[in-house]
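Working notes, beginning with the structure itself.
Here is how names work: the chains are called A, B, and so on, in the same order as the sequence lines, proteins then strands, and each is numbered from 1.
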Amino acid sequence: MSTSFDLLPSFDELLYHTAQSLDGFNEDFDPQTRSADERFGDFQANGVLPFAKKAGKNPRELAQILIDALPPSENWTVDLAGPGFINFTLTPKFLLEWISEHGSDSAISNSAHSESPKKVVLDYSSPNTAKQMHVGHIRSTIIGESIARILAFQGNEIIRDNHLGDWGTQFGILLLAIKEQKISLDDLGDDPIAQLEDLYRQGNARIKEDEVALAKARQELVQLQDGDPENLQLWEKIRDISMSSFLKIYELLDVKFDHSLGESFYRDQVDEVYQGLSKHKICQEDDGALVVFHPEHKRFAKQPFIIRKSDGASNYATTDLATLTYRQKEWQAEQIIYVTDGRQRDHFEQLFLTAQKWFDADKKTLPTLSHVWFGTILGDDNKAIKTRDGQPIKLIDLLEEAIRRAADMVKQKNKDLPEEEVQRRAKVIGLGAVKYADLSQDRTLDYVFSWDKMLAMQGNTAPYLQYAVARISSIFRKVERSTEDSFTHARPPESDAERKLSRKLLFFPLALKQATRELKPHFLCTYLYELATEFSSFYNQEKVMIDDVKAKDLRLLLCASTQSVLKTGLNLLGIDTLEEM
RNA sequence: GCUCCUGUAGUUCAAUGGAUAGAACAUUGGUCUCCGGAACCGAAGAUCUGGGUUCGACUCCCAGCGGGAGCGCCA
């Protein structure tokens, strides 16, 4: 027999349909099924309470009527509790069936496919060229990559686009400094990006005080945007230097983009934006700039969205509008997800409102637009880490330190391991720790950067999850079996530990769904950690290598399924696993 | 000034309006002839304040207090 991957909708539908044939109910009834606290059962429906209240009926009596009308099943038992909760408890036999059917790698990925896959553009990472990525830049890259994987896993077509900030004000400052100091970009030493960043920092400090320099820097930018050959050549070189420093980081993080179409790519498309918005009278001139107001909005009725500066130059808003239309026209994007810092919320809200009006006027369908924003990484002073004046920790340094610390641990636990293997494992463990540290908390919260937090390897961390995976591999090596075997002799789970681990396994679809619905990977982290904890507890209580074939097969099955879910889940977070660590 | 976000154990974080608010770190007591101790089992410890809505509130609404962000030519 076949069971469904995600059981929650099955219970929800069962309750809804049963209720429709009963006197006291109608189509407004929502069963509100959810996973239950293990003290009460596996799934719980609370919907009778509010429904009964509204209908002026006794909730317990109404719930009892519904329970009595449910068709009998060998898969679960049901009972009524408290003021009117309906609790379902799955039978051991059914748990075993579900795990046998859905617990393997291939079954998990097949089962997770969406019925209505979409074409989604994911805009993430998006660093500014000419500057280094520092620890504050880690979030967009890691969160974006995880969301890309989560959506792709469910069958959506994902286009990963790194929207580089490569056409902005920083170039005016930088070009001025390069020319004045007669610097050769071919001769910047071992760490060219650091040299460029120094130049930028100095230049930025200077234009704050020197108005003449500020005007010159602006002029350099205008010349660049007008296509001045010398500036363009320098700009290209800067871009190349930046890209090679980014690529080093992306390689470590295992992030690959389909496109890196920066703002500069859209430089010839900004006129279309001005014309399109002007034609439909969506924008207006104000103080010499071209701006958009949204009279229906309480704030944006007065707070302008500037799409062309008074000096005629384009800005972030202009290129974002051009980018949006390009993605819709060239890629037929059905959804566009922007992963950026929360401080840009106003910008995106204005962008989305403006795009909606423009598309409506042109009678085009606007893709679903989502701003997936995250909190800021703060320094010890509780202020955002920023490049302009201070010297924040470089992202590459964080990643390398993580690998170094992990390598120390690997060596300590495996004395005679070849250096190459130490490094391979250290990468998986160290980078996993960093990624998990960021992904495991709600993305909307700010946090203060801390080495200890980013590099922790005990407790609720990636290495703990990786450790569970490695232990399971170890068991299978010892029994000389494969996790891909079928465990046909398995009996249903009996003991407390077996049962708890089993029920945890079948909540994976719920965690995945929640992470997807809210585009928040931390729901997945929480689930995986709970699963690993449940496994460790099981592992401690129930020996796997035993003579009883039925119990042994069940326990092997539980181990194999746990590993499949952990590996799959970690992969969705962009975190790799090891056979041994 | 206007708008938005935020306030949970000592610390860092969880909790689709549901039953006794979960963890981790730190503190502390155990487990060590155990398939990997990056582990397991236990103890202690928390919802900023005051109202309101609700059968039920960390969650929703109002007010206050604290922290942070955005608000015309940065991205």
Side-chain angles (χ1 to χ4, degrees), chain A residues 32 34-37 39-40 44 46 49-50 52-53 59 81-85 87 126-128 165 167-170 263 286-291 298-300 302-311 313 315-317 319-320 340-347 349 373 375-376 378 382-384 388 406 409-410 412-413 429 433 437 440-442 444-448 450 452-453 456-468 470-479 510 513-514 517-518 522-523 525-526 529-530 533 536-546 555 559 580-581:
Chain A
Q32 292 185 22
R34 42 180 289 159
S35 61
D37 187 306
R39 286 169 300 194
F40 309 119
Q44 164 182 76
N46 300 336
L49 268 83
K53 177 72 188 171
F85 301 125
N87 293 326
S126 309
N128 288 336
W167 205 236
T169 318
Q170 75 264 37
E263 292 167 341
D286 203 283
D287 269 356
L290 203 57
V291 305
K298 61 184 169 187
R299 202 156 13 112
F300 304 139
K302 292 197 172 150
Q303 186 177 318
F305 189 51
I306 298 172
I307 60 166
R308 190 176 66 203
K309 301 193 275 188
S310 50
D311 64 5
N315 67 2
Y316 191 34
T319 50
D320 267 357
T340 84
D341 189 290
R343 286 171 292 183
Q344 296 179 30
R345 266 177 297 162
D346 275 5
H347 167 80
E349 208 180 323
W373 60 276
T376 311
L378 310 171
N382 258 343
K383 299 281 183 191
R388 250 173 262 166
M409 240 162 133
V410 171
Q412 195 186 322
K413 285 163 200 278
I429 295 165
S440 60
Q441 72 176 264
D442 188 316
T444 60
L445 258 58
D446 295 350
Y447 65 83
V448 176
S450 131
D452 286 346
K453 179 193 179 87
M457 302 201 189
Q458 271 153 9
N460 186 359
T461 64
Y464 176 84
L465 305 186
Q466 291 167 327
Y467 180 66
R471 270 175 146 181
I472 294 169
S473 292
S474 170
I475 292 172
F476 280 89
R477 279 195 301 275
K478 292 227 160 75
V479 297
L510 278 66
K513 199 198 278 174
Q514 198 177 10
R517 191 179 53 230
E518 301 195 27
H522 83 278
F523 289 116
C525 294
T526 303
Y529 178 67
E530 285 169 2
T533 304
S536 297
S537 183
F538 160 83
Y539 178 89
N540 230 263
Q541 287 175 58
E542 312 285 11
K543 210 160 150 48
V544 175
M545 293 166 69
I546 49 174
R555 291 175 191 174
C559 287
E580 296 175 71
M581 60 188 277

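- Protein atom CD of A:Glu580 is 16 Å distant from nucleotide atom P of B:C35, rounded to whole Å.
- A search for ring pair (Phe, Tyr, Trp, His ring centres under 6.0 Å) contacts involving A:Phe523 returns nothing, not counting sequence neighbours.
- Between the side chains of A:Asp452 and A:Ser450, no donor N or O sits under 3.5 Å from an acceptor N or O.
- As judged by a 4.0 angstrom heavy-atom cut-off over every strand, A:Glu542 is placed among the base-contacting residues.
- As a whole-Å value, the separation of A:Asp346 CG from B:C5 C1' is 11 Å.
- At whole-Å resolution of the value, OH in A:Tyr539 and C1' in B:C40 are 11 Å apart.
- Contact annotation for A:Gln466: no contact, since no heavy-atom pair falls under 4.0 Å across all strands.
- Close to B:G36, at under 4.0 Å from its OP1 or OP2, lies a side-chain N or O of A:Lys478.
- A:Asp346 and A:Gln303 share a side-chain donor-acceptor pair at under 3.5 Å.
- Looking at heavy-atom distances under 4.0 Å, A:Arg39 makes contact with a base.
- Across all strands shown, A:Pro50 has heavy atoms under 4.0 Å from base atoms, whether or not it also approaches the sugar-phosphate.
- Spacing between atom CG of A:Asp446 and atom P of B:G7 amounts to 11 Å, rounded to whole angstrom units.
- When heavy atoms are screened at a 4.0 angstrom cut-off, A:Tyr316 is found touching base atoms of the nucleic acid.
- Both key distances under 3.5 Å define a Watson-Crick or G-U pair, and stretches of 3 or more such consecutive pairs in RNA chain B run B:1-7 with B:65-71, B:10-13 with B:22-25, B:27-31 with B:39-43, B:48-52 with B:60-64.
- Residue A:Arg471 has a polar side-chain atom (N or O) positioned under 4.0 Å from OP1 or OP2 of B:G37.
- A:Met457 CE to A:Met409 CE: the interatomic distance, rounded to the nearest 0.5 Å, is 6.5 Å.
- In this model, the phosphate group of B:C13 is approached by a side-chain N or O of A:Gln441 to a distance below 4.0 Å at OP1 or OP2.
- Summarising the geometry, the separation between CZ on A:Arg343 and C1' on B:U6 is reported as 15 Å, rounded to the nearest angstrom.
- Nucleic acid contact for A:Ala470: base, since at least one base atom lies under 4.0 Å from a heavy atom of the residue.
- Here A:Gln344 lies in heavy-atom contact (under 4.0 Å) with a base.
- Using modelled atom types and a 3.5 Å distance limit, the side chains of A:Tyr529 and A:Ser440 yield no donor-acceptor pair.
- Counting any heavy atom pair closer than 4.0 Å across all strands shown, A:Gln541 reaches no nucleic acid atom.
- Distances shown here put a side-chain N or O of A:His522 below 4.0 Å from the OP1 or OP2 atom of B:A15.
- Using a 4.0 Å heavy-atom distance criterion, A:Ser474 is classed as a base contact.
- Applying the 4.0 Å criterion to OP1 and OP2 of B:A14, one finds that A:Tyr529 has every side-chain N and O outside that range.
- Spacing between atom CZ of A:Phe305 and atom C1' of B:G72 amounts to 13 Å, rounded to whole angstrom units.
- Across all strands shown, A:Ala456 has no heavy atoms under 4.0 Å from either base or sugar-phosphate atoms.
- Ring orientation note: the planes of A:His347 and A:Phe305 are tilted relative to one another, at an angle of 30° to 60°.
- Going from atom CD of A:Glu518 over to atom C1' of B:A15 covers 12 Å, rounded to whole Å.
- Taking 4.0 angstrom as the limit, A:Tyr464 places a side-chain polar atom (N or O) nearer than this to OP1 or OP2 of B:C40.
- Counting only distance, with no hydrogens or angles, the side chain of A:Asp37 and the backbone of A:Arg39 share a donor-acceptor pair below 3.5 Å.
- Under a 3.5 Å cut-off, the side chain of A:Arg471 and the backbone N or O of A:Ala468 do not form any donor-acceptor pair.
- Between A:Met581 and A:Tyr467 there is a side-chain heavy-atom pair separated by less than 4.5 Å.
- Considering only side-chain N and O atoms, A:Thr169 lies under 4.0 angstrom from the phosphate OP1 or OP2 of B:A75.
- Closest to the A:Glu263 side chain, of the nucleotides B:G72, B:A75, B:G18, is B:A75.
- When heavy atoms are screened at a 4.0 angstrom cut-off, A:Asp287 is found touching base atoms of the nucleic acid.
- OP1 or OP2 of B:C74 has at least one side-chain nitrogen or oxygen of A:Lys309 nearer than 4.0 Å.
- Whole-Å rounding puts the A:Ile306 CD1 to B:C74 C1' distance at 11 Å.
- Per the stacking criterion (ring centres < 5.5 Å, plane angle < 30°), A:Phe40 stacks onto the base of B:A19.
- Residue A:Lys298 is in sugar-phosphate contact alone, with no base atom involved, counting any heavy-atom pair closer than 4.0 Å across all strands shown.
- As judged by a 4.0 angstrom heavy-atom cut-off over every strand, A:Phe523 is placed among residues touching the sugar-phosphate backbone only.
- For B:A75, neither phosphate oxygen OP1 nor OP2 lies less than 4.0 angstrom from any side-chain nitrogen or oxygen of A:Thr340.
- Within 4.0 Å of A:Ile546, counting heavy atoms only, lies no atom of the nucleic acid at all.
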